[in-house]
Amino acid sequence: MTIRLYDTSARQIRDFTPLVPGCVSIYLCGATVQAAPHIGHIRSGLNFDIMRRWFEHRGYDVTFIRNVTDIDDKIITKSAEQGRPWWSIGYENERAFNDGYSVLGCLPPSYEPRATGHITEMVEMMRGLIERGHAYEADGNVYFDVRSFPEYLRLSNQELDNLLQPSGEGETGKRDPRDFAMWKAAKPGEPSWETPWGRGRPGWHLECSAMAHKYLGSAFDIHGGGLDLIFPHHENEIAQAKAFGDEFAKYWVHNAWVTMSGEKMSKSLGNSVLVSEMVKHWRPIVLRYYLGTPHYRSMIEYSEDALREAESAFARIEGFVQRVVEKAGGVVEPAAEVPPAFAEAMDDDLGVPQALAIVHTTVRQGNSALAADDKEAAVARLAEVRAMLGVLGLDPLDPQWVGEGDRGEDLHGVVDTLVRMVLDQREAARTRKDWATADAIRDQLNQSGLVIEDGPQGPRWTLGPR
């Protein structure tokens, strides 16, 4: 058994060998909390949640760090625009992100450090870099000297001579325009902390280098994030950490974006779809299916039609699960192991689309067993399906989702009573062989969005795809 991952730094799929046998350490760049999350933000969390679940299924002890950037130029700008404290905006949106991760079934991280809670670690790292000749102070700012680090830009495969380094307002005193800010001198009215070089606040890149060092040590297994973070963020993280003396991440794994009309979903483009709004119109488990089942390195082009297709596909899985549970007369526990073909797909760079094909094949086999009244085979297939869905975080019988599928348990009870009254009328028509009336009742129920299935225990209804 060997898990293989695409390593951005190597530009190829590599066998995964942990630094510590039986353990996996993962650092994921989390939220910058200037606004509530859209589904593009949460996709990254979902992809790495599936990675974590697969490692745990394979028997690894996983330490998963997902940071919160709670001080940033954009947060400060929002603070000025809204006349609110910067920390109020940050905390409100941090909670919105956590709600988004939670509602879509992401496991909580081992630790979720905030940038502002680690100023001491950042100062220590800057002091070490200045002493080693990799950083310098100018006008209260502290910059990293990119020419002092020959490996700079290897991750993004750029040439230093062609580099245009993003710079912020007030970044004065640079020796080279390509140098990047680790610490920014205080400005009137902005949050600041005391350092040996004067009051100021951290630069974005320094935060993650310092927090990864604190929680995972000088070397760890996997650093993750979106493709858009490769440069400048991850490139600058590497420079700081390695120049400080850390080995840093052994593997670099990046997820692709959610796009709209071919463009990356982002708040600045005004094309974001907030998670808090999406879950009002789509079941969270369906949204997880939609965002989590494409390959993590594939772009997702957002559309309502694609979501409806995801809803229909998951409904087929869920319907099978419900039918077997009814047939078995109780809950069927997940199998201890997933089918070998599923494991092979997941081991190969988290091949979720190929793994999902095994899920659907197993569902079809289970449905055939049901049609043949082979209870034992149907139960066995459900046990396999539950094991596979558990890895993907999509098991409808998991406590995370129980009741969620009904779109409101109280409402479900009311609807069930009303539908049963209509189904009783249909059964009465069938008993007296009034097939026209029976078919008309069924058609009316179908038009209202209900799917009626006749089984050995009588008719059952489910909500159909929208």
Side-chain angles (χ1 to χ4, degrees), residues 37-43 45-47 49-50 99-106 258-260 265 272-296 298-326 352-364 366-367 382 385-386 388-398 400-409 411-412 415-416 419 442-443 445-453 460-466:
H38 56 63
I39 59 174
H41 292 129
I42 299 298
R43 182 193 182 183
L46 276 173
N47 289 151
D49 182 65
I50 292 171
D99 287 346
Y101 292 129
S102 178
V103 77
L104 295 187
C106 292
V258 179
T259 61
M260 291 182 72
M265 186 173 286
S272 60
V273 182
L274 296 181
V275 175
S276 58
E277 292 301 313
M278 292 291 289
V279 296
K280 294 177 183 177
H281 305 286
W282 300 91
R283 292 172 55 200
I285 197 169
V286 168
L287 196 54
R288 181 180 176 102
Y289 185 99
Y290 169 69
L291 293 172
T293 53
H295 194 275
Y296 75 91
S298 299
M299 297 293 182
I300 299 175
E301 174 66 15
Y302 172 78
S303 73
E304 293 274 328
D305 286 344
L307 261 167
R308 279 189 285 270
E309 289 175 8
E311 184 178 50
S312 296
F314 187 73
R316 290 193 291 273
I317 297 173
E318 195 171 34
F320 164 71
V321 172
Q322 293 170 346
R323 285 190 292 274
V324 178
V325 168
E326 289 180 4
V352 174
Q354 294 78 12
L356 191 65
I358 306 304
V359 174
H360 283 286
T361 296
T362 308
V363 166
R364 287 193 292 272
N367 281 328
L382 175 56
V385 167
R386 286 202 65 193
M388 293 186 282
L389 293 178
V391 167
L392 302 176
L394 288 168
D395 180 2
L397 300 182
D398 187 278
Q400 163 78 25
W401 306 115
V402 171
E404 183 273 342
D406 298 328
R407 301 179 191 172
E409 202 163 326
L411 181 60
H412 180 272
V415 173
D416 183 63
V419 174
R442 178 171 183 150
D443 290 344
L445 290 172
N446 287 339
Q447 289 172 12
S448 69
L450 301 177
V451 176
I452 308 303
E453 297 176 274
R460 62 187 298 275
W461 68 271
T462 57
L463 286 172
R466 60 193 70 208

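Just so it is clear, the model here is predicted, and its values are computed rather than measured. Start at 1 with the first residue, then count along the sequence.
Applying the side chain to side chain donor-acceptor pair (under 3.5 Å) criterion to E309, with sequence neighbours excluded, gives no partner residue. With sequence neighbours excluded, the residues that form a side-chain contact (heavy atoms from CB on, under 4.5 Å) with V352 are I50, T293, M346, L392. By the side-chain contact (heavy atoms from CB on, under 4.5 Å) test, E277 pairs with L274, K280, sequence neighbours left out. Considering only residues two or more places apart in sequence or on other chains, Y101 meets the side chain to side chain donor-acceptor pair (under 3.5 Å) condition with none of them. Every side-chain contact (heavy atoms from CB on, under 4.5 Å) that A306 has, sequence neighbours left out, goes to Y290, S303. Under the side chain to side chain donor-acceptor pair (under 3.5 Å) criterion, R323 pairs with N367, E453, not counting sequence neighbours. Looking at residues two or more places apart in sequence or on another chain, you find no ring-ring contact (aromatic ring centres under 6.0 Å, His included) involving Y302. With sequence neighbours left out, the side chain to side chain donor-acceptor pair (under 3.5 Å) criterion links N47 to R43. Annotation: side-chain contact (heavy atoms from CB on, under 4.5 Å) contacts of T361 (sequence neighbours excluded): R364, Q365. By the ring-ring contact (aromatic ring centres under 6.0 Å, His included) test, Y289 is found to be paired with F314, residues two or more places apart in sequence or in another chain being considered.
Residues W282 and R308 form a side-chain contact, since some pair of their non-hydrogen atoms from C-beta on lies under 4.5 Å apart. The side-chain heavy atoms of M260 and H38, taken from C-beta on, include no pair separated by under 4.5 Å. In this structure, the side chains of M388 and I358 come closer than 4.5 Å at one or more pairs of heavy atoms. Side-chain contact check for V275 versus D99: every heavy-atom pair is 4.5 Å or farther apart. Looking only at side-chain heavy atoms (C-beta outward), L389 and P396 come within less than 4.5 Å of each other.
From L397, atom CG reaches atom CD of Q322 across 8.5 Å, with rounding to the nearest 0.5 Å. Atoms CG and CE, from L291 and M278 in turn, are 7.5 Å apart once rounded to the nearest 0.5 Å. To the nearest 0.5 angstrom, L287 atom CG is 11.0 Å from E311 atom CD. Rounding to the nearest 0.5 angstrom, the gap separating the CZ atom in R386 from the CD1 atom in I317 is 13.5 Å. Note that CZ of R288 and CD1 of I39 are 14.5 Å apart. Values are rounded to the nearest 0.5 Å. To the nearest 0.5 Å, the span separating NE2 on H295 from CD1 on I300 amounts to 12.0 Å.
A donor-acceptor distance shorter than 3.5 angstrom exists from the side chain of Q400 to the backbone of S102, with no hydrogens or angles considered. With W401 contributing its side chain and G393 its backbone, the two residues share a donor-acceptor pair below 3.5 Å.
In this structure, P294 and P353 approach most closely via the heavy-atom pair C-CG, 4.0 Å. Of all non-hydrogen atoms in G390 and D395, the two that sit nearest each other are N-CB, 4.1 Å. Closest approach of G100 to I42, counting heavy atoms only: C-CD1, 4.2 Å.
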